[in-house]
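What follows is a single structure, written as structure tokens, with notes after it.
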Amino acid sequence: MAKILVSACLLGSAVRYNGSAVEVNSIDFNWLVDSQEIVSLCPEVAAGLPVPRVPAEIYSGSGTEVLAGTARVIGSDRADMTEFFLSGAKMALQLCRQHNIRYAVLTENSPSCGSGFIYDGRFSGNKKVGAGVVSAFLEQAGIQVFSQYNVGRLRELIGIS
Ligand code: SF4
């Protein structure tokens with residue numbers, strides 16, 4: 001059994017910016033929750049952001065650029081929320097270190113938790129390829145990040161490790 005960090009909103013916690021959770025209908029995700037040791041976290045709420053909160057997107061880059069200091073996380077009200085997102089990423093890594101976690105399943109498209117896609121930073125509803133701040137930070141630290149859409153890959157990995 002592996003310990004897996006999982007986005008709290010994938011586990012039914014209503015912690016998204018609009019006070020909702022993310023519904024997941026997937027055999028692989030059900031397998032994950034039923035058979036592995038799950039450590040749940042919402043990095044944005046852990047960093048002190050409220051529920052509900054203004055939506056945020058990464059402006060002019062992805063999580064990698066935010067970590068490098070060349071892009072910022074901006075709210076739809078134009079407030080700079082970067083420090084909250086960096087703080088959430090550090091908390092996520094701390095939790096992984098504390099529990100010796102090597103894998104995470106985080107919510108796709110989020111400016112924190114997205115691993116393959118994020119919104120394009122213009123609040124247009126369009127997405128672009130890239131990772132959120134938490135996923136980029138964890139990946140840089142050697143933790144493999146999956147989304148709710150590719151848990152099957154993690155399942156294969158755990159099955160052979
Ligand atoms: S995607 Fe991540 S930061 Fe956003 S609500 Fe879910 S757990 Fe929290």
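The figures here come from the full heavy-atom set of this structure, side chains too, leaving out hydrogens, waters and symmetry mates. Just follow the structure's listing: the first ligand is 1, and inside any ligand the first atom is 1.
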- For S26 and D28, what are the C-alpha separation, side-chain angles and deciding distance, and is it a side-chain hydrogen bond (donor to acceptor under 3.5 Å, both in side chains)? CA-CA 5 Å; S26 147; D28 287 328; 5.1 Å; no
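- The R16 neighbourhood of ligand 1 comprises atoms 5 (S), with distances under 4.0 Å to a heavy atom of that residue.
- Every atom of ligand 1 with a heavy atom of P43 under 4.0 Å away is listed here by number and element: 2 (Fe), 3 (S), 7 (S).
- Judged by distance alone, with hydrogens and angles left aside, the side-chain atoms of E108 form a donor-acceptor pair with the main-chain N or O of F117 at under 3.5 Å.
- Side-chain atoms of T107 never come within 3.5 Å of backbone atoms of S7 as a donor-acceptor pair (strictly under, hydrogens ignored).
- Using a 4.0 Å cut-off to heavy atoms of E44, the atoms of ligand 1 that qualify are 3 (S), 4 (Fe).
- Residue nearest to atom 5 (S) of ligand 1, selected from V6, V15, L41: V15 (by heavy-atom distance).
- Remark: of the listed residues I27, V24, V151, L10, V151 is the sole one forming a side chain to side chain contact (heavy atoms under 4.5 Å, CB included) with L32.
- For the pair S110 (side chain) and S112 (backbone), a donor-acceptor distance under 3.5 Å is present.
- For atom 1 (S) of ligand 1, the candidate residues are A92, A21, S110; the nearest heavy-atom contact is made by S110.
- E44 places no side-chain N or O within 3.5 Å of a backbone atom of F84 that could act as its donor or acceptor partner.
- In this structure, the protein non-hydrogen atom closest to atom 8 (Fe) of ligand 1 is C42 SG, 2.3 Å.
- Remark: minimum distance from atom 6 (Fe) of ligand 1 to any protein heavy atom is reached at C9 SG, 2.3 Å.
- Panel note: side chain E65, backbone S62; a donor-acceptor pair is recorded below 3.5 Å.
- Remark: the backbone N or O of C113 is paired with a side-chain donor or acceptor of S135 at under 3.5 angstrom.
- Counting only heavy atoms of the protein, atom 2 (Fe) of ligand 1 lies nearest to C113 SG, 2.4 Å.
- Against a heavy-atom cut-off of under 4.0 Å, T107 is close to the following atoms of ligand 1: 1 (S), 6 (Fe).
- Under 4.0 angstrom from ligand 1, there are no non-hydrogen atoms of E108.
- Set against the non-hydrogen atoms of A8, the atoms of ligand 1 under 4.0 Å away are 7 (S).
- Residue contacts with ligand 1: R53 is included, with a non-hydrogen atom under 4.0 Å away.
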